[in-house]
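The next block holds one structure in the form of structure tokens; read it before the comments.
Quick note on labels: first sequence line is chain A, next is B, and so on, each numbered from 1. Note that the structure is a prediction, hence the values are computed from the model and not measured.
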Amino acid sequence: MHIHVNGKERETKACFLAGILVEFGFEGDWLATAVNNEVVAANERADYRIYESDWIEIVSPMQGG
Amino acid sequence: MLSLYGKNISSRLLLGTAQYPSPAILAEAVHNSATEIITLSLRRETAGGKQGSRFQELIKTLDVHVLPNTAGCFSVKEAIITARLARDLFKTNWIKLEVIGNQDTLQPHVFALVEAAKILTDEGCEVFPYTTDDLIVAEKLIDSGCKVLMPWCAPIGSAKGARDTDGLRSMRAHFPDIPLIVDAGIGRPSHAAAVMELGYDAVLLNTAVAKAGNPARMAEAFAQAINAGRLGFEAGMLEPRDVAIPSTPVIGRAVFS
């Protein structure tokens with residue numbers, strides 16, 4: 001399946017968002033995720049189904065003013 | 001004591017966490033400033049979660065309230081999604097709402113700001129809007145549910161200090177019961193003291209501390225200046241006069257022939 005992760009084109013066999021994070025090596029609990037502009041909470045990722053061409057954003061905290 | 005959305009805050013200095021020479025210097029600046037609120041941002045994770053985890057460890061040691069921002073957002077949509085992500089990640093309803101209107105001046109897009117503030121407050125967020133000192137925009141933000149306003153005093157990172165003291169004074173007078181935090185444009189401790197003397201409730205700083213020759217010492221200098229300005233305001237300051245008035249009594253002075 002063809003998806004976008006943080007702006008990059010990716011191929012995946014994972015069906016759920018939690019699997020996407022594992023497949024692409026995202027670890028830790030200080031991550032937030034959105035799929036097609038909708039925020040997906042950490043406790044919803046295991047059941048959140050991913051579809052062809054989904055646009056996934058994975059963000060983490062950084063320094064800010 | 002300053003109260004922001006029901007949280008009592010002792011320190012009137014809010015500190016940004018960007019641009020420090022190192023995490024250790026950031027931590028030292030936070031400690032020296034005695035701040036209780038730091039601002040953070042969200043960006044794409046590029047290190048598989050390690051980037052966020054490292055920063056998480058640092059933030060935990062600081063023991064302060066976290067105020068996430070929507071820095072770099074140029075539209076209502078971007079700001080709303082970023083705010084929702086921040087709420088999910090930081091488990092706080094606080095959001096420093098920035099919707100930038102111009103790439104060069106980084107001034108707030110006040111129309112988009114009001115629209116985004118309404119949406120977020122309706123969702124239960126407690127919005128700290130980065131705005132101007134425009135009174136009508138301020139009224140609209142308050143109507144939207146904002147209980148704190150954060151006007152700039154000069155462009156972000158400009159270090160110029162208050163460009164329009166009369167405008168800031170007018171804003172203070174129009175909104176005596178709304179916590180007003182000057183956000184952006186402060187360069188020196190005296191700039192911070194000056195806006196605090198106007199009766200502003202707090203100052204949010206970043207670049208002026210982070211890019212100082214010694215950020216930790218500058219954080220302390222700002223903390224003292226902000227306290228001094230606040231004390232001066234509370235103590236009631238003398239208004240400027242157009243003529244000289246002797247401070248030493250003239251009655252009873254000796255006369256020499």
Fill in: Contact class of B/F90 relative to chain A, heavy atoms under 4.5 angstrom
side chain
Worksheet item: Any Lys/Arg nitrogen of B/E123 or B/R84 sitting under 4.0 Å from an Asp/Glu carboxylate oxygen of the other?
Response: yes
Item to complete: Could you tell me which of B/L14, B/T17, B/D183, B/L15 has the largest number of non-hydrogen atom pairs under 4.5 Å with chain A?
Response: B/T17
Worksheet item: Of the backbone (N, CA, C, O) and the side chain (C-beta and beyond), which part of B/L58 lies under 4.5 Å from a heavy atom of chain A, both, or neither?
Response: neither
Worksheet item: Going by distance alone, is a donor N or O of one side chain under 3.5 Å from an acceptor N or O of the other, for A/Q63 and B/N206?
Response: no
Item to complete: Kindly say whether A/I58 contributes a backbone atom to a donor-acceptor pair with the side chain of B/E45 at under 3.5 angstrom?
Response: no
Worksheet item: Contact part of B/E98 toward chain A, heavy-atom cut-off under 4.5 Å: side chain, backbone, both or neither?
Response: side chain
Worksheet entry | chain A interface, residue from B/N69, B/I156, B/I80 that has the most non-hydrogen pairs under 4.5 Å | B/N69
Worksheet item: Strictly by modelled atom types, are B/Q19 and B/T207 linked by a side-chain donor-acceptor pair under 3.5 Å?
Response: yes
Worksheet item: Hey, are B/K91 and B/D88 close enough for a salt bridge, meaning a charged N less than 4.0 Å from a carboxylate O?
Response: yes
